[in-house]
Amino acid sequence: MTTKKVRVRFAPSPTGPLHMGGVRTALYNYLFARRHGGDFLLRIEDTDSGRFVPGAEEYIIEALKWCGIEPNEGLTADGKVVMDANNPEACYRQSARKPIYRKYAEELIAAGHAYYAFDTSEALDALRKEAEARKETFIYNHTIREHLQTSLSLSTEEVDERLRTEKHWVVRFKMPENREVHMHDLIRGEVKVNTSTLDDKVLWKAADELPTYHLANIVDDHLMNISHVIRGEEWLPSLPLHYLLYEAFGWTATQPEFAHLSLLLKPDGKGKLSKRDGDRLGFPVFPLAWKDPVSGETSRGYREDGYFPEAFVNLLALLGWNPGTEQELFALDELVNTFTLERVVKSGAKFNPEKAQWFNQQYLRQKSDIDLAKLYRSDLENRKIVYDEEYVAKVCSFIKDRSTFVHDFWEQSAYFFIAPTAYDEKAMQKYWKPETPALMSQLSDFLSTIDDFTKENTEHLVHQWILDKGLNMGAVMNAFRISIVGASKGPGMFDIIALLGKTETLKRLSALL
RNA sequence: GGUCCGUUCAUCUAAGGGUUAGGAUUCAAGAUUUUCAUUCUUGCCAUAGGGGUUCGAAUCCCCUACGGACUACCA
């Protein structure tokens with residue numbers, strides 16, 4: 001690596017919502033860029049007109065924004081396009097760069113690194129089927145290109161004629177014969193492949209006048225001065241082609257470094273994590289909920305499921321990377337300061353939903369009571385419950401250790417806002433004896449004599465009272481809890497009644513007598 | 001089928017040839033809590049298999065097995 005400025009890109013295809021694996025790729029790019037004081041750009045690779053999904057691009061931008069991993073060039077989290085100051089002609093949506101690519105494809109043809117091919121997809125499919133029937137591998141390469149309808153086998157006149165009159169020709173890369181390509185990957189080390197196993201990939205299609213991924217990718221990364229390509233493992237098999245393309249263009253000297261990330265795997269069984277797994281196992285695989293514009297099918301998202309973006313980013317960071325220390329909780333800025341590609345794990349990581357919840361629980365606890373009260377507010381409002389923030393914050397202080405998500409709060413704290421309407425059956429069976437009502441009646445009478453209803457005072461006086469009367473502490477306190485809470489759960493009884501106040505406490509006590 | 005990548009507790013992972021193979025999640029038990037949760041303590045659980053190299057291998061090499069990705073005029 002030279003002193004070249006670090007510039008990385010996240011280059012998704014707008015064919016649907018961004019998968020959490022995609023978010024992780026974006027995150028690692030972002031961390032790497034910021035760690036090295038470089039640029040993180042977002043480029044939309046929409047060269048497949050047929051697979052475009054409306055809303056997908058907006059989804060990607062919004063998801064990155066929610067995670068706090070905002071690009072500083074290209075399509076940004078605000079949805080604006082921020083241009084490279086040195087390249088005012090830059091555009092970051094490949095469909096809008098359409099005119100650029102053809103020239104590069106033709107440059108390759110002129111240099112003898114590519115050629116025109118006129119075979120129809122149907123003809124090629126037929127050849128593939130035939131080869132399959134003979135149990136052979138069909139490779140579109142030097143063994144066959146001279147025998148097909150290409151500019152290598154046809155006369156110049158015929159080629160010109162067909163280029164003029166036909167609409168479905170393509171430009172293919174002329175894959176060299178029997179050459180060992182030695183590649184370097186920042187995560188995997190040396191990889192080598194013999195070119196004889198590779199195809200003459202299509203680089204450009206006349207039908208829509210668009211490049212395929214391979215050409216667009218190399219041209220754009222070159223033009224945008226990308227220094228490091230950090231992408232998913234599914235691209236490793238095409239790395240030799242990409243190396244050869246840089247070579248054919250004469251760009252080897254400025255070729256970026258590559259790092260291929262392993263995949264995120266299903267929590268159970270085998271294979272990579274898919275949309276289905278989330279539905280099947282009950283966890284989101286997307287950062288944000290998504291409604292498919294065609295099928296109308298909805299998929300849940302981490303945001304809508306109640307995850308904090310910090311927790312989501314943290315758990316994603318640790319899925320395939322580790323700091324080498326035992327620290328597990330990282331704020332985004334800490335990740336920036338700690339992240340290195342050297343510590344990215346080579347093997348695929350199975351996603352573990354339980355650990356994901358644990359992360360959220362940790363972040364929930366880190367929040368202040370007042371912040372939690374603010375987050376709780378909309379839920380309370382929906383339930384038509386109005387309390388001042390100080391009261392709600394106090395409630396939050398009692399329930400934060402009992403919750404994983406903010407949406408657990410109501411279940412944990414309803415009794416702070418409304419008197420119990422039902423009483424837990426098991427608790428009643430265990431603690432509500434025939435003599436209990438009389439006991440609670442005495443307790444009620446005693447409590448009504450206390451004016452200073454603070455936690456300290458009531459706790460002291462009631463304990464003394466139980467002692468003086470020779471009562472059983474457990475019998476009194478557990479029944480007391482059932483009367484006030486409705487169940488055998490919650491923080492200290494005197495904390496609860498201090499917050500509820502004397503009037504409400506006595507009211508709830510009498511409700512069960 | 002072919003090419004490439006990978007393989008340490010159930011899961012995420014640590015251990016740059018020498019440790020009783022460490023941590024975290026989950027699970028279990030105990031302590032604390034008059035309850036629930038928290039917290040704390042403890043426990044269970046791993047180097048895929050086989051060959052080498054070496055005084056010594058989770059670590060280096062080879063083979064096998066298993067897993068994954070790719071194999072489109074998709075990205």
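What you see below is based on every heavy atom in this structure, not just the backbone, and it leaves out hydrogens, waters and symmetry mates. Each chain gets a letter, A, B and so on, in the order the sequences are listed, and its residues count up from 1. Because the structure is a prediction, the values reported are computed rather than measured.
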- prompt: Given B:U71, B:C73, B:U13, which nucleotide is nearest the side-chain atoms of A:V345?
  reply: B:U13

- line: A:K489 has its side chain closest, among B:C70, B:U25, B:U35, to B:U35

- prompt: What is the nucleic acid contact for A:V202, judged by heavy atoms within less than 4.0 Å: base, sugar-phosphate only, or nothing?
  reply: sugar-phosphate

field: Pairwise C1' distance, B:C45 and B:A21 [rounded to whole Å]
entry: 13 Å

field: Side chain of A:V193 (C-beta onward), nearest among B:C4, B:A14, B:C70
entry: B:C4

- prompt: To the nearest Å, how far apart are A:D369 CG and B:U38 C1'?
  reply: 14 Å

query: Taking atom P in both B:G30 and B:U7, what distance in whole Å separates the two?
result: 40 Å

message: At 4.0 Å (heavy atoms only), tell me whether A:K346 reaches a base, stays on the sugar-phosphate, or touches nothing.
response: sugar-phosphate

- prompt: Hey, are A:R145 and A:E177 close enough for a salt bridge, meaning a charged N less than 4.0 Å from a carboxylate O?
  reply: no

- request: Salt-bridge test for A:D268 and A:R280: reply yes if a basic N is under 4.0 Å from a carboxylate O, no otherwise.
  value: yes

message: Does a side-chain N or O of A:R343 approach OP1 or OP2 of B:A15 to a distance below 4.0 Å, or not?
response: yes

- prompt: Reckon A:N478 touches a base, only the sugar-phosphate, or nothing at all at heavy-atom distances under 4.0 Å?
  reply: base

message: Between B:C36 and A:R402, counting only base atoms on the nucleotide and side-chain atoms on the residue, is there a donor-acceptor pair under 3.5 Å?
response: yes

- prompt: Roughly how far apart, to the nearest Å, are B:U19 and B:U71 at atom P?
  reply: 45 Å

task: Apply the test side chain to side chain donor-acceptor pair (under 3.5 Å) to residues A:T197 and A:N194: give CA-CA distance (whole Å), side-chain angles for both, the deciding distance (0.1 Å), then the verdict.
output: CA-CA 6 Å; A:T197 62; A:N194 189 296; 5.8 Å; no

- request: Could you tell me whether A:V191 contacts a base, only the sugar-phosphate backbone, or nothing, with contacts defined as non-hydrogen atoms closer than 4.0 Å?
  value: sugar-phosphate

query: Which of the following nucleotides, B:A69, B:U38, B:C5, is nearest to the side chain of A:R365?
result: B:U38

task: Tell me what A:W204 touches on the nucleic acid: a base, only sugar-phosphate, or nothing, going by heavy atoms under 4.0 Å.
output: nothing

query: Does any donor atom in the side chain of A:Y92 or A:D220 lie under 3.5 Å from an acceptor atom in the other side chain?
result: no

- request: Say whether A:Y101 and A:T47, considering side chains only, have a donor N or O and an acceptor N or O under 3.5 Å apart.
  value: no

message: For a quick check of understanding: with a heavy-atom distance under 4.0 Å over all strands, which category does A:S13 fall into, base, sugar-phosphate or nothing?
response: sugar-phosphate

statement: Quick note, A:D401 side chain, CB onward, closest among B:U38, B:G23, B:G68 is B:U38

- request: By nearest nucleotide on RNA chain B, pick out whichever of A:V476 and A:T197 is the more 5' one.
  value: A:T197

- request: Would you classify A:P12 as touching base, sugar-phosphate or nothing, given that sugar-phosphate means primed atoms plus P, OP1 and OP2, and contacts are heavy atoms under 4.0 Å?
  value: nothing

C1'-based separation of B:G6 from B:U26 [nearest Å]: 25 Å

- prompt: OP1 or OP2 of B:C12 sitting under 4.0 Å from any side-chain N/O of A:N352?
  reply: no

- request: For A:D208, report the nucleic acid contact type (base, sugar-phosphate, nothing); a contact means any heavy atom under 4.0 Å.
  value: nothing

query: A:H260 near the nucleic acid: base, sugar-phosphate alone, or nothing, with a heavy-atom cut-off under 4.0 Å?
result: nothing

message: Ignoring hydrogens and geometry beyond distance, is a side-chain donor-acceptor pair present between A:Q362 and A:E328 at under 3.5 Å?
response: no

query: If you pin A:S488 and A:K272 to their nearest nucleotides in RNA chain B, which one's is more 5'?
result: A:S488

message: If I take atom OH in residue A:Y140 and atom P in nucleotide B:A72, what distance separates them, rounded to the nearest angstrom?
response: 13 Å

- prompt: How would you label the contact of A:T137 with the nucleic acid (heavy atoms, under 4.0 Å): base, sugar-phosphate, or nothing?
  reply: base

message: At 4.0 Å (heavy atoms only), tell me whether A:R481 reaches a base, stays on the sugar-phosphate, or touches nothing.
response: base

query: Rounded to the Å, how far apart are A:L215 CG and B:A75 P?
result: 11 Å

